[in-house]
Amino acid sequence: RKVAKDSILVEVQEAVEEAIRRISRGERRIAYALARVSEAARAGAVETCIVSDDVFTNNLDENALVETLGVIEEKGGKVFLCDSSLETGKQVSALGGIVALLRYDLSHATAAT
């Protein structure tokens with residue numbers, strides 16, 4: 001169990017680091033804040049989504065959040081919940097409590113439709 005837990009923690013940490021890299025480079029294969037992540041989820045664009053456990057204290061629509069996470073999983077994306085007391089969780093919290101790495105740039109997909 002410890003090995004599995006450690007590998008999940010590493011995967012979450014790497015995903016958050018990748019999200020921050022994408023944001024700092026101005027890449028568009030990233031979404032944060034529930035509305036944007038929801039849009040990406042419906043498009044099937046979410047590869048990995050990380051949610052901080054304190055997201056529920058941010059006055060988000062809990063039903064919309066649960067629905068979004070369900071859509072991500074239905075479309076083959078991974079969802080991770082992280083502890084907001086850890087550094088990784090604090091970073092996700094700073095991004096609105098939810099961040100998603102996208103398979104592709106949504107602006108191209110919406111421009112093509």
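The analysis underlying the following values was restricted to heavy atoms, covering all of them including side chains, and did not include hydrogens, waters or symmetry mates.
Remark: the backbone N or O of G44 is paired with a side-chain donor or acceptor of R103 at under 3.5 angstrom.
Nearest approach of V37 to A31, heavy atoms of both residues: CG2-O, 3.6 Å. The minimum heavy-atom distance linking D54 with S93 is given by the pair OD1-OG, 2.8 Å. The two residues Y104 and A43 make their nearest non-hydrogen contact at OH-O, 2.7 Å. Across all their heavy atoms, S85 and K90 have their closest contact at O-CE, 3.6 Å.
Around the CD atom of E67, the shell of radius 6.0 Å holds no more than 12 heavy atoms that belong to other residues, nucleotides or ligands.
Side chains of I98 and I50 form no contact here, defined as non-hydrogen atoms less than 4.5 Å apart. At least one side-chain heavy atom of Q91 sits under 4.5 Å from a side-chain heavy atom of I20. Side-chain contact between V46 and L101: absent, with no pair of heavy atoms (C-beta onward) separated by less than 4.5 Å. Side-chain contact between V92 and V16: present, with at least one pair of heavy atoms (C-beta onward) separated by less than 4.5 Å. In this structure, the side chains of V99 and C49 stay at 4.5 Å or more apart for every pair of heavy atoms.
Going from atom CD1 of I30 over to atom CD1 of I23 covers 4.5 Å, rounded to the nearest 0.5 Å. Note that SG of C82 is 12.5 Å distant from CD1 of I8, once rounded to the nearest 0.5 Å. A distance of 12.5 Å separates CG in L69 from CZ in F80, rounded to the nearest 0.5 Å.
Qualifying salt bridge (Lys or Arg N to Asp or Glu O under 4.0 Å) partners for R21, counting only residues two or more places apart in sequence or in other chains: E18. Scored by the side chain to side chain donor-acceptor pair (under 3.5 Å) test, T48 finds no partners at all (sequence neighbours excluded). Evaluation of the side chain to side chain donor-acceptor pair (under 3.5 Å) rule for T68 yields S38 as partners, not counting sequence neighbours. Every residue was checked against the salt bridge (Lys or Arg N to Asp or Glu O under 4.0 Å) condition with E47, not counting sequence neighbours, and none meets it. Applying the salt bridge (Lys or Arg N to Asp or Glu O under 4.0 Å) criterion to R29, with sequence neighbours excluded, gives E27.
A single hydrophobic cluster is not seen to contain both V71 and L102; linkage of ILVMFWY side chains at heavy-atom distances under 4.5 Å, directly or through other members, places them apart. Hydrophobic clustering (ILVMFWY, side-chain heavy atoms < 4.5 Å, transitive): L60 and L81 are in one cluster. Hydrophobic clustering, with ILVMFWY side chains joined whenever heavy atoms are under 4.5 angstrom apart, groups V79 together with V55.
For the side chain to side chain donor-acceptor pair (under 3.5 Å) condition, the pairs that include at least one residue of residues 69-81, sequence neighbours left out, are E11-K78.
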